[in-house]
Colleague: 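There's a structure below that I have some questions on.
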There are 2 protein chains.
Amino acid sequence: MHSEGVASRSADQRDSARESRNGTPQLDAVSLAIIQQLQEDGRRPYAAIGKAVGLSEAAVRQRVQKLLDQGVMQIVAVTDPLTVGFRRQAMIGINVEGDVESIADALTAMSEVEYVVMTAGSFDILAEAVCEDDDHLLDVINRRIRALPGVRSTESFVYLKLKKQTYMWGTR
Amino acid sequence: MHSEGVASRSADQRDSARESRNGTPQLDAVSLAIIQQLQEDGRRPYAAIGKAVGLSEAAVRQRVQKLLDQGVMQIVAVTDPLTVGFRRQAMIGINVEGDVESIADALTAMSEVEYVVMTAGSFDILAEAVCEDDDHLLDVINRRIRALPGVRSTESFVYLKLKKQTYMWGTR
DNA sequence: GTCGACTGCTGCGGATTTCGCAGCGGTGAT
DNA sequence: ATCACCGCTGCGAAATCCGCAGCAGTCGAC
C-alpha cells in the first residue's frame with residue numbers, strides 16, 4: 001500500500017501529493033491549507049479543518065495521515081529551550097575540507113545538535129547546539145565537533161536572547 | 001508499557017508550574033514528561049499521556065492547557081519549507097551600531113524572517129529568512145534589512161541543504 | 001472505444017476522546 | 001483552627017476519531 005504513481009495528473013482528483021524528481025512530494029493548494037490550519041493549532045479537529053478547506057472530515061484525516069507518513073510535516077510540541085532547562089545555545093559555523101556532507105551527517109547524529117544546514121558563503125555548515133550549561137557546550141564544540149576529521153575551523157555564536165521563532169510558513 | 005512512577009507528588013501538590021523571578025515558569029518532572037510525549041506526537045490523546053506519566057486524563061488536559069496558555073509550549077505542524085514552496089532560505093549575520101534590540105524587533109516584525117536571535121561573537125544578530133525565490137531573498141536582504149538604520153553590515157549564508165531539524169528538547 | 005486498476009472523496013456507524021463540572025485533599029496565610 | 005486556593009480525580013454528555021464500504025474520476029492497456 002505504498003504505491004508511487006509517477007504520472008502527471010492535470011485536473012482534480014489525485015493531485016494532492018505528486019512526486020517530483022527529487023522525491024519530495026508536490027503539494028496542492030488544499031494540502032497547503034490543511035498544513036496552515038495545523039500550524040495555527042496542531043490539535044484542531046479534522047472536521048473544523050475540513051470546513052475551513054472545503055473537504056469532509058474523513059478526507060482531511062486521510063490527507064493528514066499521508067502528509068505525516070510522507071514526512072512532509074510533523075505535528076509536535078515546540079518549546080522555548082530555556083524553560084525546559086537548556087541554558088546555553090549556540091550557532092556554530094563550520095569550515096570543512098573534503099566531503100561536507102559526511103561531516104554534516106556526523107553532526108546530525110549528535111543529540112545536542114538540533115539543526116544542521118549546508119550553506120553557501122563563508123561557512124560550509126551551520127549547526128545549532130542546545131546544551132544544559134557552558135561546560136556542556138564547550139564539550140560539544142571542542143571535544144566533539146572540532147575532533148571530527150575534516151573540520152578545518154569553527155566559529156561560535158552563543159545565544160543571548162531568542163527574539164523570534166515561528167512555524168507559520170505558508171501562512172503569509 | 002511505559003508506566004512509570006514519575007508522579008511522586010507526595011511531596012508537593014501544586015508545584016507543576018511555579019513562577020520564577022524572571023517570569024518564566026519552572027517546570028516539574030511531570031510537565032516535562034508531558035511535553036516529551038507531545039514532542040513525539042502532538043496529537044497523542046490525553047488518556048495515553050496520562051498513562052505514561054501517571055496522571056488522570058483530566059489532569060493532563062489541565063496541565064497541557066496551562067502550558068499552552070503560559071506560552072511554555074505550542075503544538076503545531078512543522079514542515080520542510082522547501083516542500084511548501086519556499087525555495088530560498090538564508091541565515092543572515094548582522095552587525096549593528098547602537099541599540100541591538102530595536103533592530104532585532106524590526107526583524108521580528110518581518111514575516112519572511114522566521115528566526116531572530118541576539119548573539120555574542122562576530123555577529124550581533126542572526127536571522128533566518130524564508131523566501132520564495134532569489135529575487136524575494138535579495139529584496140529582503142538588500143532593500144529591507146540593510147535599509148534599517150543602525151545596521152552596519154550583513155553577511156548571508158544561503159541554504160543548500162537542510163540536514164536536520166529536530167524538536168526533541170528534553171527527550172534526551 | 002471499453003476494461004480494469006488505482007486513487008481520492010464521501011457518508012456512515014461504533015469506539016474513543018474531549019470537555020465541563022462537582023467534589024476532595026493538601027498547602028499556606030490569617 | 002479556619003479559610004481560600006490549587007491541583008487532581010471521577011463521571012456523564014458531547015464531540016471527535018476511526019475504519020470501512022461505495023462511488024467517481026484518471027490512466028494505461030487492449
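Predicted model only: the values in this text are computed from it and were never measured. Labels below follow one simple rule: chain letters A, B, ... track the order of the sequence lines, proteins then strands, and each chain is numbered from 1.
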Colleague: Apart from B:Val117 itself, which Ile, Leu, Val, Met, Phe, Trp or Tyr residues share its cluster (side-chain heavy atoms under 4.5 Å, direct or through members)?
Modeller: A:Met91, A:Tyr115, A:Val117, A:Phe123, A:Leu126, A:Phe157, A:Tyr159, A:Leu162, B:Met91, B:Tyr115, B:Phe123, B:Leu126, B:Phe157, B:Tyr159, B:Leu162
Colleague: Are B:Thr154 and B:Ile145 packed together at the side-chain level, in the sense that at least one heavy-atom pair is separated by less than 4.5 angstrom?
Modeller: yes
Colleague: Excluding sequence neighbours, so at least two apart, what forms side-chain contact (heavy atoms from CB on, under 4.5 Å) with A:Asp135?
Modeller: A:Asp133
Colleague: Return the polar atom pairs (N/O with N/O) between nucleotides 15-18 of chain D and the protein under 3.5 Å, or none.
Modeller:
unit_1	atom_1	unit_2	atom_2	d
D:dC17	OP1	B:Arg43	NH1	3.1
D:dC17	OP2	A:Tyr46	N	3.0
D:dC18	N4	A:Glu57	OE1	3.4

Colleague: Would you kindly give the CD-to-C1' distance between B:Gln70 and D:dG7, to the nearest whole Å?
Modeller: 13 Å
Colleague: In whole angstrom, what separates A:Gln62's CD from C:dC6's C1'?
Modeller: 14 Å
Colleague: Can you tell me how far P of C:dC21 sits from CD of B:Gln65, to the nearest Å?
Modeller: 14 Å
Colleague: Roughly how many Å is it from CG in B:Leu38 to C1' in C:dT17, rounded to a whole number?
Modeller: 15 Å
Colleague: Heavy atoms, side chains only, cut-off 4.5 Å: are B:Arg61 and B:Gln65 in contact?
Modeller: no
Colleague: Roughly how far, to the nearest 0.5 Å, is the CD1 atom of A:Ile92 from the CG atom of A:Leu107?
Modeller: 8.0 Å
Colleague: Taking C-beta and beyond as the side chain, do B:Val84 and A:Ile35 meet within less than 4.5 Å on heavy atoms?
Modeller: yes
Colleague: What's the NZ-C1' distance between A:Lys66 and C:dG8, to the nearest Å?
Modeller: 8 Å
Colleague: Tell me the interatomic distance from A:Asp69, atom CG, to C:dG8, atom P, rounded to whole angstroms.
Modeller: 12 Å
Colleague: Find the distance A:Ile49:CD1 to C:dC9:P and express it as a whole number of Å.
Modeller: 14 Å
